[in-house]
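Treat the numbers as computed from the prediction; the structure is a model and nothing was measured.
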Amino acid sequence: MANNKLKSRWIHRKAGLKEKNLNLAHPVVKASYIWSVLSDQLCDVLGPEIHHRWFKQVKPTVISDNVLILEVPNHFSAQWIHTHYHELIDILLSAMDKNLSSFFVSQSERHSATNVSGPNLFEGPTSEINRKAEDD
């Protein structure tokens, strides 16, 4: 029953989006929109107190390779959300788009990844292996 409520909310918001002619093809706009829907759903499912504690400061950054990248204030928040809420979040995302998943990153990790010339935080482990092979 709750799943039907969430699906109908998404369908209603998606219809409203078409009326407004927002460009969901842009990965930053799409991330922002998807997060606004997801955040409302999390508040409905978890309650306003838990939502306020863990999700109020979440900032959507971009959707890349079907992953919604979400920024949180610190590493502890990223780990806590991943441990306790990641499965729920991905289930809610899959109701919107079966190919979407989520990834939480702390502000410091995100900013250090863009400021350091070393390995990129958003690269997979194979990128590091390929880089080492090129250095040999």
Side-chain angles (χ1 to χ4, degrees):
M1 184 170 149
N3 193 26
N4 289 339
K5 181 181 175 184
L6 297 175
K7 264 189 175 179
S8 69
R9 177 181 257 178
W10 166 244
I11 291 167
H12 175 71
R13 295 208 50 184
K14 198 173 185 180
L17 180 66
K18 286 180 182 177
E19 291 173 12
K20 294 177 185 176
N21 275 337
L22 292 177
N23 181 7
L24 276 187
H26 192 282
V28 174
V29 173
K30 186 174 182 179
S32 180
Y33 181 75
I34 295 282
W35 175 248
S36 72
V37 173
L38 182 61
S39 180
D40 286 348
Q41 291 174 340
L42 287 169
C43 190
D44 289 345
V45 172
L46 300 172
E49 188 175 310
I50 291 174
H51 181 269
H52 182 79
R53 172 170 284 157
W54 294 110
F55 299 104
K56 181 171 173 55
Q57 295 183 24
V58 171
K59 295 178 183 155
T61 57
V62 69
I63 292 181
S64 177
D65 296 324
N66 291 320
V67 177
L68 173 62
I69 309 291
L70 299 159
E71 183 180 278
V72 294
N74 54 55
H75 183 71
F76 177 78
S77 294
Q79 288 294 348
W80 183 270
I81 290 170
H82 179 76
T83 301
H84 295 89
Y85 301 112
H86 191 249
E87 186 176 349
L88 170 64
I89 291 165
D90 280 354
I91 288 169
L92 293 172
L93 277 173
S94 70
M96 290 184 244
D97 182 337
K98 66 180 179 174
N99 297 318
L100 278 179
S101 62
S102 63
F103 182 77
F104 288 84
V105 62
S106 71
Q107 288 175 352
S108 61
E109 290 169 330
R110 183 170 170 261
H111 294 295
S112 68
T114 57
N115 293 332
V116 176
S117 61
N120 187 336
L121 177 66
F122 300 111
E123 289 180 340
T126 56
S127 299
E128 180 66 22
I129 292 168
N130 292 340
R131 229 186 334 273
K132 285 183 180 181
E134 291 171 0
D135 291 343
D136 291 340

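At least one donor-acceptor pair under 3.5 Å links the side chain of His84 to the backbone N or O of Trp80. In terms of modelled atom types and a separation under 3.5 Å, the side chain of Thr61 and the main chain of Ile69 share a donor-acceptor contact. A donor-acceptor pair under 3.5 Å is formed between the side chain of Thr83 and the backbone N or O of Gln79. The backbone N or O of Val67 sits nowhere less than 3.5 Å from a side-chain atom of Asp65 that would complete a donor-acceptor pair. Judged by distance alone, the side chain of Ser39 and the main-chain N or O of Ser36 form no donor-acceptor pair under 3.5 Å. Between the side chain of Asp90 and the main chain of Ser102, a donor-acceptor pair closer than 3.5 Å is present.
The neighbour count for His86 NE2, taken as heavy atoms of other residues, nucleotides or ligands under 6.0 Å away, is above 12.
Scanning all heavy atoms of the two residues, the minimum distance from Ala78 to Ser106 falls at CB-N, 4.3 Å. Nearest heavy atoms, Gln57 versus Pro73: OE1-CG, 3.0 Å. Nearest heavy-atom pair across Ser32 and Pro60 is CA-CG, 3.7 Å.
Atom CG of residue Leu92 and atom CD of residue Glu87 lie 11.0 Å apart, to the nearest 0.5 angstrom. Interatomic distance, Ile91 CD1 to Ser101 OG, rounded to the nearest 0.5 Å: 13.0 Å. Atom CG of residue Leu100 and atom CG of residue Leu68 lie 7.0 Å apart, to the nearest 0.5 angstrom. Between the NZ atom of Lys59 and the CD atom of Glu71 there is a distance of 6.0 Å, given to the nearest 0.5 Å. Distance NZ/Lys98 to CG/Leu93: 15.0 Å, rounded to 0.5 Å. For the atom pair Ser77 OG and Asn74 CG, the distance stands at 3.5 Å (nearest 0.5 Å).
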Problem set entry | Stepwise side-chain contact (heavy atoms from CB on, under 4.5 Å) test for Met96 and Val37 | CA-CA 9 Å; Met96 290 184 244; Val37 173; 3.8 Å; yes
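Within the 4.5 Å cutoff, no side-chain heavy atoms of Ile34 are placed close to those of Asp97. Side-chain contact check for Leu46 versus His52: every heavy-atom pair is 4.5 Å or farther apart. Residues Leu70 and Val105 form no side-chain contact, since every pair of their non-hydrogen atoms from C-beta on lies 4.5 Å or further apart. Proximity of Ile50 to Leu42: side-chain heavy atoms (C-beta onward) are nowhere separated by under 4.5 Å.
Between Trp35 and Phe55, the angle of the ring planes lies from 30° to 60°, which puts this pair in the tilted group.
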